[in-house]
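Report on one structure; see the data block that follows.
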Number of protein chains: 4
Amino acid sequence: MQKITILIHCKDQKAIIATVTTFIAKVEGNITYIDQHVDVEQNVFFMRLECEFTNPDTTLEGFKADFEQNIASTFDMSWDLYNQEQKPKMALFVSKYDHCLFDILGRYSAGELNVEIPVIISNHNDLRSIAERFDIPFHCVPFTKDIKEEGEARQIELLEKYQINFIVLARYMQIITPNLISLYKNRIINIHHSFLPAFPGAKPYHSAFKRGVKIIGATSHYVTAELDEGPIIEQDIARVSHIHSVDDFIMKGRDLERIVLARAIKLHAERKTMVYSNKTVVFS
Amino acid sequence: MQKITILIHCKDQKAIIATVTTFIAKVEGNITYIDQHVDVEQNVFFMRLECEFTNPDTTLEGFKADFEQNIASTFDMSWDLYNQEQKPKMALFVSKYDHCLFDILGRYSAGELNVEIPVIISNHNDLRSIAERFDIPFHCVPFTKDIKEEGEARQIELLEKYQINFIVLARYMQIITPNLISLYKNRIINIHHSFLPAFPGAKPYHSAFKRGVKIIGATSHYVTAELDEGPIIEQDIARVSHIHSVDDFIMKGRDLERIVLARAIKLHAERKTMVYSNKTVVFS
Amino acid sequence: MQKITILIHCKDQKAIIATVTTFIAKVEGNITYIDQHVDVEQNVFFMRLECEFTNPDTTLEGFKADFEQNIASTFDMSWDLYNQEQKPKMALFVSKYDHCLFDILGRYSAGELNVEIPVIISNHNDLRSIAERFDIPFHCVPFTKDIKEEGEARQIELLEKYQINFIVLARYMQIITPNLISLYKNRIINIHHSFLPAFPGAKPYHSAFKRGVKIIGATSHYVTAELDEGPIIEQDIARVSHIHSVDDFIMKGRDLERIVLARAIKLHAERKTMVYSNKTVVFS
Amino acid sequence: MQKITILIHCKDQKAIIATVTTFIAKVEGNITYIDQHVDVEQNVFFMRLECEFTNPDTTLEGFKADFEQNIASTFDMSWDLYNQEQKPKMALFVSKYDHCLFDILGRYSAGELNVEIPVIISNHNDLRSIAERFDIPFHCVPFTKDIKEEGEARQIELLEKYQINFIVLARYMQIITPNLISLYKNRIINIHHSFLPAFPGAKPYHSAFKRGVKIIGATSHYVTAELDEGPIIEQDIARVSHIHSVDDFIMKGRDLERIVLARAIKLHAERKTMVYSNKTVVFS
């Protein structure tokens with residue numbers, strides 16, 4: 001039995017839900033999940049739908065063509081169809097911080113993440129032994145301002161070789177090139193260690209300490225050309241007080257970074273996020 | 001333009017969404033909100049739908065009859081239709097604690113609650129002056145074990161007189177009679193000062209203190225014949241530590257009680273809750 | 001039996017705690033609360049202490065003089081002593097938003113706030129009836145850019161007349177003049193409707209909505225000459241998602257504003273806050 | 001420079017703080033942290049103190065003897081002194097669930113936990129490969145009702161061999177024997193997957209689902225003879241709703257279990273917890 005996930009967005013129009021659900025019923029699809037959202041301000045309709053086909057003669061290719069011709073073209077939809085059996089392939093980019101890497105690999109090994117991780121790419125060799133401990137290929141790709149082009153070329157080469165669907169920056173401390181960002185549009189997830197838009201850029205815990213905030217946070221977002229300005233996927237916070245030093249902020253923040261990044265990976269891997277106007281729709 | 005809210009539940013079946021949304025489209029209803037839930041375990045389908053009728057000839061009565069005949073009876077639905085213009089009438093039951101009463105009346109006066117409050121009923125006279133300050137009729141209905149029947153009779157008389165749709169127990173310290181509960185099934189909201197099912201019954205803050213918990217809570221729920229066992233609508237918590245006394249628990253708990261009760265009132269007033277199997281579906 | 005609260009700060013030095021506690025013991029003071037904090041970075045020592053004098057001959061004046069001479073001058077302390085029987089007098093500044101006003105007056109009436117509220121000052125007349133409902137004198141003091149001087153003069157006149165100790169801006173929508181700020185240094189509390197430093201200035205909920213954050217917040221802080229830059233007393237947050245409109249943000253935010261402002265008022269009224277380097281020490 | 005942590009409790013009496021801090025000053029100890037708590041109800045005084053000795057002639061043994069003779073015996077104190085350089089040795093007990101194990105070992109490898117983990121003990125062999133991946137000795141000690149005595153004997157033998165100071169049950173699914181509990185009194189930490197006292201015993205997520213709660217939780221506590229009744233160290237919660245299945249509860253709960261157990265381990269390892277009356281004092 002084929003199980004698929006469909007993501008749709010288009011201009012809001014009458015009878016979209018009725019038309020889509022009627023079509024699915026007609027081709028013997030059994031809807032197991034449906035959710036929709038209308039952005040009233042911008043008049044955009046979003047839908048996420050899971051269904052299974054009980055008729056063994058239904059092929060994904062056939063369904064795709066039919067849906068495109070009968071439904072998607074009529075409503076001028078942008079849409080994607082995912083086979084639930086195919087796990088997305090995720091590349092991890094890391095530098096020297098190991099806490100998010102340990103957390104992700106622990107979850108991966110424990111079977112919590114519905115992804116494959118065929119490769120870890122780093123601009124340093126420090127974390128190689130962790131990758132080896134979890135039996136995941138590790139490639140060191142040096143990257144500095146001076147060797148940006150070579151670095152980017154090597155990154156892209158590896159991403160192609162491993163057929164990577166999306167990238168997770170697990171405290172990767174280098175800029176991602178505009179070229180790579182456009183190749184993986186809305187498919188590069190970063191974790192920033194503040195509740196954005198507060199404290200973008202470097203050393204947010206130090207800035208938070210200096211400002212005397214009573215709450216610190218972490219934010220996972222899709223990477224865009226503007227640093228720390230991309231669509232936010234998930235945020236969380238922890239309380240702090242005058243008794244906490246910058247080091248305490250950093251230590252508490254590690255838990256936030258782990259959790260908020262792991263949630264974003266899950267949401268993306270399960271195709272629960274859609275991006276528009278530099279924001280996300282995150283289906284539950 | 002008529003605006004309505006529809007709540008539906010029935011056995012899960014094929015094509016419910018398609019059929020309902022197609023029907024609404026046919027009668028020129030514009031769906032402005034739709035959400036659904038399937039309880040997979042029990043095979044029950046739930047739907048909440050808001051729509052506006054652009055055709056001035058559409059009457060609520062006509063629509064109701066058509067929907068019942070064409071849709072509801074086909075799928076064997078239990079369903080309710082609410083005219084969004086009609087605010088539900090809510091009775092407040094109080095005793096001597098005033099913090100929830102102040103909070104609800106403050107919100108009511110500030111226009112936050114989409115209800116009418118035609119009457120406050122209490123088994124004591126202590127809070128009469130607050131009711132007067134907000135110009136709401138206040139009736140003292142004594143209630144003890146010995147005069148249960150008279151008390152209940154007088155309560156029901158008042159509820160009928162003021163055409164009450166639902167009741168909120170804002171720290172009302174008496175038992176509600178089984179008869180009144182069945183008259184207002186799933187329409188009596190209580191606030192209990194613990195995160196149920198922990199610490200049911202009397203003096204939950206004292207029990208929480210004795211047990212040395214690090215978190216206290218409050219729970220709003222529909223009242224059933226079993227004390228503190230009804231369907232939970234909303235819960236929230238606050239952190240405590242060894243430095244807090246029972247009095248600190250009580251003081252922190254007041255904020256929880258206020259917030260958790262206010263949220264439950266809003267959800268119920270906006271017809272966002274449905275009850276089944278002693279649980280709630282709470283639409284967003 | 002006299003009960004007092006002492007707040008101390010000074011350069012961190014050896015044996016401060018030993019010296020202070022030994023002194024208190026010598027004058028037959030029974031310490032019922034003591035907490036201290038050292039800002040290691042800036043080498044500053046902070047202490048909060050509550051004690052009661054069991055000897056009826058001890059006078060506050062006598063104790064004050066002795067402590068100043070024997071302890072405070074030795075360690076070059078800045079310190080304050082408060083008689084716990086004297087409730088601080090708090091002025092409320094409001095404009096047109098009524099939710100924080102209702103909340104504060106409800107808590108005040110319910111006996112939750114250890115303050116007196118002798119006066120409410122507003123630049124509009126809209127909320128006069130609420131003040132009257134709670135029997136609190138209400139003065140309309142018009143205030144615009146053009147009549148700043150008159151406005152400020154009238155405000156100060158009222159603050160003096162009512163012997164006000166500290167001011168709470170309960171969504172007061174005008175600038176406080178530098179002169180008034182310096183008269184009430186670290187004694188004017190504002191509530192800002194964002195988790196500062198994100199979204200300072202006007203319309204933070206609109207900015208938060210536009211940025212697509214998943215968390216909104218509120219911040220209470222002491223007012224300084226720099227708008228929304230003062231020492232933060234308390235912050236809290238609520239989760240939001242793509243389904244929430246700006247109006248939903250505003251509605252959810254009202255609860256945050258209420259709670260976060262109420263907590264700040266309590267902390268200040270109970271002399272649990274100290275300010276330094278544009279930050280607060282908040283004792284528990 | 002010697003750095004130590006002292007934990008004290010005794011009947012509340014006058015001048016304890018003054019006497020202790022004066023004594024420390026006299027022996028050239030520099031207090032870097034001090035916190036105290038009085039349980040007013042039970043009249044018990046608790047203190048946690050960190051200090052460093054600047055005089056190289058000060059020995060721990062000498063200090064201990066002096067403190068015992070001059071201070072502790074006077075106030076009839078129970079007290080402990082820890083050398084901050086000596087990391088406590090922690091044994092991990094596991095069964096088949098791997099998520100807490102991965103989390104703890106990831107944190108351990110990342111240098112977050114101030115402990116040594118010389119051994120992992122399990123009643124199954126399933127998780128052996130994880131232990132090997134992190135180069136930690138793994139011993140399978142079968143344990144069932146029928147072989148309790150042998151199991152316990154082997155556990156104690158291993159704990160002695162590895163000189164274990166405290167035990168962490170990372171979702172260990174067997175009963176700990178009363179004998180082992182009394183050997184490690186207040187030194188065995190368990191993680192229970194509910195916000196106790198709600199849902200003690202087996203399958204708490206299933207019970208929570210059945211009850212229709214809107215909040216799930218996890219609780220770390222010291223193990224006592226009464227199942228899930230020991231002193232609570234830390235708790236945390238996550239929101240759930242009608243859309244979540246039991247499996248969703250379990251998945252969300254894994255994050256709670258990880259975090260709440262890790263926090264308890266840190267608190268215990270840094271000697272921030274004290275137990276009395278089946279409750280904990282948790283210093284910050």
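Values reported hereafter were calculated over all heavy atoms of this structure, with side chains retained and with hydrogens, waters and symmetry mates removed. Keep in mind that what you see is a predicted model, and the values were worked out from it rather than measured.
- Counting non-hydrogen atoms of other residues, nucleotides and ligands closer than 6.0 Å to NZ of A/Lys210 gives a total of 12 or fewer.
- Every residue meeting the side-chain contact (heavy atoms from CB on, under 4.5 Å) condition with D/Ala262, not counting sequence neighbours, appears here in chain and number order: D/Asp103, D/Arg107.
- Against chain D, the residues from residues 247-257 of chain A that qualify, each with a non-hydrogen atom under 4.5 angstrom away, are A/Met251, A/Arg254, A/Asp255 in number order.
- The line from OH of A/Tyr33 to CD1 of D/Ile243 is 7.0 Å long, rounded to the nearest 0.5 Å.
- Within residues 121-138 of chain A, the residues having any heavy atom closer than 4.5 Å to a heavy atom of chain D are A/Arg133, A/Phe134, listed by residue number.
- With a 4.5 Å cut-off on non-hydrogen atoms, D/Ser241 does not touch chain A at all.
- For residues 91-102 of chain A, a heavy-atom distance under 4.5 Å to chain D picks out A/Asp98, A/His99, A/Phe102, given by residue number.
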